[in-house]
Structures are given as structure tokens and as C-alpha cells.
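Worksheet: the structure to be examined is printed underneath.
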Amino acid sequence: VPVDPFDLVIFGGTGDLALRKLLPGLLHRYADGQIPEDSSIIGVARDKQSDEDYRRKVGETLLRGIGDNEALKEKLPAFLQKLGYHALDATRDDGWEQFAEQLKAQGDRIRVFYLSTSPNLFVAICDKLRAHGLNGGQARVVIEKPIGRDSASAAVINDAVGSAFAESQIFRIDHYLGKETVQNLLALRFANILFEPLWNANHIDHVQITVAETVGLEKRATYYDTSGALRDMVQNHLLQLLCMVAMEPPAALQADAVRDEKLKVLRSLRPITADDAAQLTVRGQYRAGASAGCAVPGYLDELGRPDSRTETFVALKAEVDNWRWAGVPFYLRTGKRLPERVSEIVIAFKQIPHSIFEHSAGPVMGNKLVLRLQPDEGVKLWLMIKDPGPGGLRLQHVPLDMSFAEAFGVHQPEAYERLLMDVVRGNPTLFMRRDEVEAAWKWIDPILAAWENLRETPKPYTAGSWGPSAAVALVERDGRTWHEDT
Ligand code: BG6
């Protein structure tokens with residue numbers, strides 16, 4: 001369904017996110033006929049260049065990503081014609097008047113400002129947008145993480161953006177919420193009668209959320225080393241996934257109804273204090289090893305600094321203190337340079353109360369619902385069945401397996417494609433409200449403080465392994481193991 005015509009301004013229009021995610025996403029939406037012809041996309045950055053130069057550079061990058069997708073190749077020239085460029089410096093006045101006039105000349109229509117820049121420019125950009133009267137009407141602003149590095153700095157950013165835009169105009173992106181499987185979790189939980197009666201501490205033993213990456217620092221050393229895995233991944237992506245699993249059914253699929261429920265979960269998370277941080281959390285940092293069959297250096301060598309204590313891996317045990325989840329641990333882990341790129345949520349159900357089978361039938365294993373976010377998006381429900389054949393009754397643990405690509409065979413839209421269109425439509429359901437971001441930080445702050453207090457260096461792990469052995473111990477201590485897809 002096509003959206004209304006819009007103007008989308010990307011601050012940081014020559015940056016990595018714009019070139020790798022936003023513009024390719026927009027090209028897909030355009031090729032699918034969702035972007036009306038009279039829409040425009042304007043890249044903004046400090047360097048001077050013409051519209052033509054910008055189109056050429058973006059065109060080259062997009063073409064490399066398209067591979068042999070003929071349909072996209074065919075649409076590319078027309079898509080590039082929608083692009084324009086404007087050189088602006090958020091800290092100077094030059095060019096802003098003309099930029100504002102150009103946008104206003106389009107009349108009252110949807111205007112999206114995507115702040116794909118360093119957060120320390122958010123205040124200056126928002127001030128300029130307000131000073132030039134670009135914050136009214138159908139204007140929307142999109143901000144990317146990191147939204148602060150603790151609750152105090154997040155509040156400063158939120159205040160600054162909030163001084164130019166109303167909360168209803170602010171879209172805080174967490175791209176994990178745009179992933180197909182995450183939305184499918186809503187469908188699975190709330191469009192089926194099967195799961196809800198079991199979705200609680202009476203029937204669920206524990207939950208695991210894993211976001212494993214094979215990449216290392218990439219080209220983001222400066223950002224990453226001041227952030228670390230807890231701030232970069234857990235505060236946002238993993239906690240958002242936890243909320244989607246743990247929230248109560250919202251009364252309607254309506255933005256505030258969903259966000260109210262997620263907020264309640266964040267506020268119910270049991271604080272991890274200085275006394276239990278050493279028990280409940282594990283920090284790791286990768287050493288030299290191998291990734292995808294190639295030797296890779298350790299974090300400190302990649303960074304070029306021998307003394308960094310930044311964690312590239314976190315595992316932790318969280319608990320949601322409410323009626324539904326009392327006593328059900330949520331084990332979270334994420335890290336760089338792990339053996340494979342895999343993101344999944346595992347709901348591990350309790351054991352049956354009594355087995356009627358003979359010892360020779362083999363063990364009865366607990367049911368598991370595995371939601372795979374990437375790669376190979378899909379859902380697996382692990383069940384016990386009888387081993388087929390004429391022999392005696394032997395039991396087997398097998399998955400009912402639904403791979404989305406196999407079942408539907410269509411291009412799964414990238415998270416950013418969907419989220420950008422949601423911004424244009426003005427639908428904030430999959431975006432974080434200010435209070436959610438701040439509640440997530442309130443839970444993270446004491447963990448950061450406890451780590452600071454402990455002053456421990458992160459535990460080393462070999463690149464290409466599943467993290468420090470302490471992460472295995474974290475779940476094994478409780479008589480459980482990390483899920484393996486076998
Ligand atoms: C980003 C983090 O938010 O998510 C990166 O800053 C991480 O460090 C990325 O690599 C992972 O996203 P995806 O969609 O590739 O799993």
C-alpha cells in the first residue's frame with residue numbers, strides 16, 4: 001500500500017547507516033511501489049557536493065549491494081532521481097534559510113528528519129529545525145541509538161529533542177523491533193489461543209535471548225570502545241526483545257497500549273545490585289582467534305590500545321518480579337566474534353509432571369519454542385514424538401519447523417524498510433517512547449556502577465568461541481544449558 005508523498009531528510013546522509021541500511025531500504029520500498037513518485041529524499045552532510053555527485057555515489061553503493069536483482073537494478077535510476085543533497089553544518093547558520101525554504105515550498109506535507117549523526121549534534125540540529133519553523137505541521141524526527149550512555153545523559157538528549165518536537169513527533173528507533181520475527185512474536189502470542197494459557201511461571205521454566213555476532217569492531221572503534229556490549233546491545237535490543245516476550249496482552253495493537261505494557265515490564269525488572277552483579281552478570285572481551293575460518297586479532301589489537309576494559313560480550317540473568325514471571329529466569333547473552341551470527345529467543349517450557357514411559361524410551365525433554373530472528377527467520381516448536389518405525393517405543397525430541405523463507409518464499413523486508421514506512425505513516429508502535437528508554441537505563445545504571453566498582457578486567461574469550469566459560473556457568477549453576485539447535 002503506497003504511503004502519502006513525503007520529504008525525508010537524512011542528516012548524516014553520507015554516513016554508514018544511510019548508505020548501508022536507510023537508502024537500500026528505501027530503494028526496496030520504491031521498487032515495491034510503496035513510495036509515491038513525488039516524494040523526495042535529501043541527504044545532508046557538511047561536505048559540499050552537488051545533487052549529481054551525491055546521486056552518483058549513492059548509486060554506486062546501491063548497485064554493489066543489489067547483486068543480480070534485476071528488478072532493483074531497473075528501478076535504480078528512477079529512485080536516484082528522487083535524491084537530492086544539501087550541505088549543512090548544524091553548528092553554523094549558512095545554508096539553513098535556503099534549505100528551509102526549499103522544504104516549505106513543498107507545502108504542508110509529511111516531513112521526516114532522520115538524525116543519523118552523532119548524538120552530540122542532536123541538540124544543535126533540533127534547535128536549527130525549530131528556529132527555521134521546520135518542526136510544525138506533519139514534521140517527524142527519528143533518532144538513533146545511542147540515546148545517552150546512562151539515564152542522566154539520555155534525559156539530556158530527550159529534553160533537547162523534546163524542546164523542538166512533541167513526543168508524538170519523535171520516533172526513537174530500535175531496529176530490532178522492525179525485524180520480521182519480533183512482530184511475529186506478537187502474532188504468535190496474541191493471534192493464537194494455544195500459547196497464552198502456558199505463557200507464565202506455571203509452565204515456562206526459563207527464557208533465553210541470544211544475539212550473537214561474528215563481526216568484531218568493524219570501523220566503529222571510537223564509538224564502540226566508549227560503549228561496550230551492555231550499552232550497545234542489552235540496554236536497547238535485548239531488553240526490547242525481553243519486553244515483547246514478557247509483556248501482558250495489550251488491549252489493542254495501538255502504540256501506547258503496547259508501549260505501556262513494555263514499560264511495566266521494564267519497571268518490574270529486579271535491580272541487579274553491587275552485591276549480586278558478580279553472580280548475575282558476565283563481561284567478556286575477545287582475544288585473537290578465528291572467525292568464519294580466518295584468523296582474527298584480539299579486541300585490544302584491533303583497537304590499537306592495550307588497556308581497554310570495554311566488554312565485547314555480556315551474559316546476564318534477569319528476573320521480572322511480577323505474578324506472571326515470578327521465579328522464571330531470563331538469560332540474556334550477546335557478543336562480538338562469536339562462532340555464528342544468530343539471534344534467537346528460546347522459551348523453554350517445564351518438564352511434564354510424571355512420565356509414563358519406560359526407561360528404555362529415552363529421556364522426556366522439555367518443549368521449547370524457538371523464535372529465530374536471523375539468519376533464516378522462522379519459528380520452531382520442539383516436541384517429543386515417537387521415533388517412527390516398528391521397534392519398541394522410543395522417544396525423540398524434534399522440531400516442528402517453519403522457516404519463513406521456505407513457507408512464503410518472499411523477500412523478507414529489512415527492519416529499516418518497515419520502520420521508515422511506519423515513520424512516514426506516523427505509526428509509533430514499534431518505536432521506543434521516552435519513558436521506556438529511561439526505564440531501561442534505570443535498570444542498566446546500577447550494573448554499570450557495580451562493574452565500575454568491581455574494577456575487574458573483562459574475562460577473556462577466544463574469538464570464534466561462545467564467550468567466557470563463566471557464561472556457561474551462569475546457566476549451568478541453575479541446572480540448565482544454553483540452547484543448541486540440534
Ligand atoms: C547495532 C549495534 O545497534 O546493532 C551494532 O550498534 C550491532 O554493534 C548491530 O552490530 C546488530 O544489528 P543486526 O541487525 O545486524 O543484528
Side-chain angles (χ1 to χ4, degrees), residues 12 15-25 28 65 114-119 142-149 154 157 171-185 209-242 244 283-286 291-292 296 299 302-303 308 310-314 332-345 371-378 404 411-420 430-432 436-437 440-441 444 458 463 467:
D16 198 50
L17 182 73
L19 293 173
R20 272 201 318 156
K21 299 282 186 193
L22 306 182
L23 291 161
H28 269 106
Y114 200 117
L115 310 194
S116 166
T117 63
S118 149
V142 185
I143 56 177
E144 267 287 335
K145 59 179 273 277
I147 301 176
R149 41 182 295 105
I157 293 178
F171 289 73
R172 295 177 190 81
I173 280 223
D174 185 312
H175 76 281
Y176 267 62
L177 292 181
K179 292 190 189 261
E180 189 69 23
T181 314
V182 177
Q183 283 161 75
N184 205 20
L185 182 55
I209 301 178
T210 295
V211 178
E213 298 187 273
T214 52
V215 292
L217 260 180
E218 299 181 284
K219 291 182 190 135
R220 308 158 74 220
T222 322
Y223 156 71
Y224 194 85
D225 195 54
T226 56
S227 173
L230 188 72
R231 289 188 176 97
D232 185 49
M233 299 293 288
V234 180
Q235 187 271 344
N236 35 77
H237 307 324
L238 278 87
L239 285 185
Q240 284 293 322
L241 297 181
L242 183 151
M244 299 294 270
R283 305 173 72 220
Q285 191 187 68
Y286 61 83
S291 175
V296 291
Y299 179 77
E302 218 175 315
L303 184 69
S308 170
T310 300
E311 79 284 354
T312 60
F313 176 97
V314 180
L332 273 46
R333 66 176 167 170
T334 182
K336 304 271 185 205
R337 292 284 189 230
L338 298 185
E340 49 180 320
R341 176 173 188 251
V342 53
S343 300
E344 63 188 15
I345 301 172
L371 298 134
R372 173 69 76 104
L373 274 60
Q374 58 194 23
D376 314 325
E377 294 96 331
F404 295 170
H411 157 75
Q412 299 297 326
E414 279 256 357
Y416 277 99
E417 292 178 40
R418 178 190 322 275
L419 294 175
L420 281 164
L430 298 175
F431 296 81
M432 293 179 297
E436 280 181 80
V437 174
W441 276 122
I444 294 287

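In this chain, residues are counted from 1 in sequence order. Heavy-atom basis, side chains included; hydrogens, waters and symmetry copies ignored. Whatever order the structure lists ligands and atoms in, that order sets their numbers, starting from 1.
Each of Lys145, His175, Tyr176, Lys179, Glu213, Arg220, Asp232, Met233, His237, Lys336, Arg341, Gln374 has a non-hydrogen atom positioned under 4.0 Å from some atom of ligand 1.
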Indicate every side-chain donor-acceptor pair of residues 230-239 with a distance under 3.5 Å to a residue at least two apart or in another chain.
unit_1: Arg231; atom_1: NE; unit_2: Arg149; atom_2: O; d: 2.8
unit_1: Arg231; atom_1: NH1; unit_2: Ser227; atom_2: O; d: 3.4
unit_1: Asp232; atom_1: OD1; unit_2: Lys145; atom_2: NZ; d: 3.0
unit_1: Asp232; atom_1: OD1; unit_2: Tyr223; atom_2: OH; d: 2.5
unit_1: Gln235; atom_1: NE2; unit_2: Val437; atom_2: O; d: 3.4
unit_1: Asn236; atom_1: ND2; unit_2: Arg231; atom_2: O; d: 3.0
unit_1: Asn236; atom_1: ND2; unit_2: Asp232; atom_2: O; d: 3.4
unit_1: His237; atom_1: ND1; unit_2: Asp174; atom_2: OD1; d: 2.7
unit_1: His237; atom_1: ND1; unit_2: Asp174; atom_2: OD2; d: 3.3

**Request:** Could you please spell out the steps behind the side-chain contact (heavy atoms from CB on, under 4.5 Å) verdict for Thr310 and Tyr299?
**Result:** CA-CA 9 Å; Thr310 300; Tyr299 179 77; 3.7 Å; yes
**Request:** List the steps and the verdict of side-chain contact (heavy atoms from CB on, under 4.5 Å) for Phe431 and Leu177.
**Result:** CA-CA 7 Å; Phe431 296 81; Leu177 292 181; over 6 Å; no
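Ring planes of His175 and Tyr416: parallel class, angle under 30° (limits at 30 and 60°).
Applying side chain to side chain contact (heavy atoms under 4.5 Å, CB included) to Val215 and the options Lys336, Arg220, Arg341 leaves one that passes, Lys336.
The residues Lys179 and Glu377 are annotated as not salt-bridged, no charged nitrogen and carboxylate oxygen being separated by less than 4.0 angstrom.
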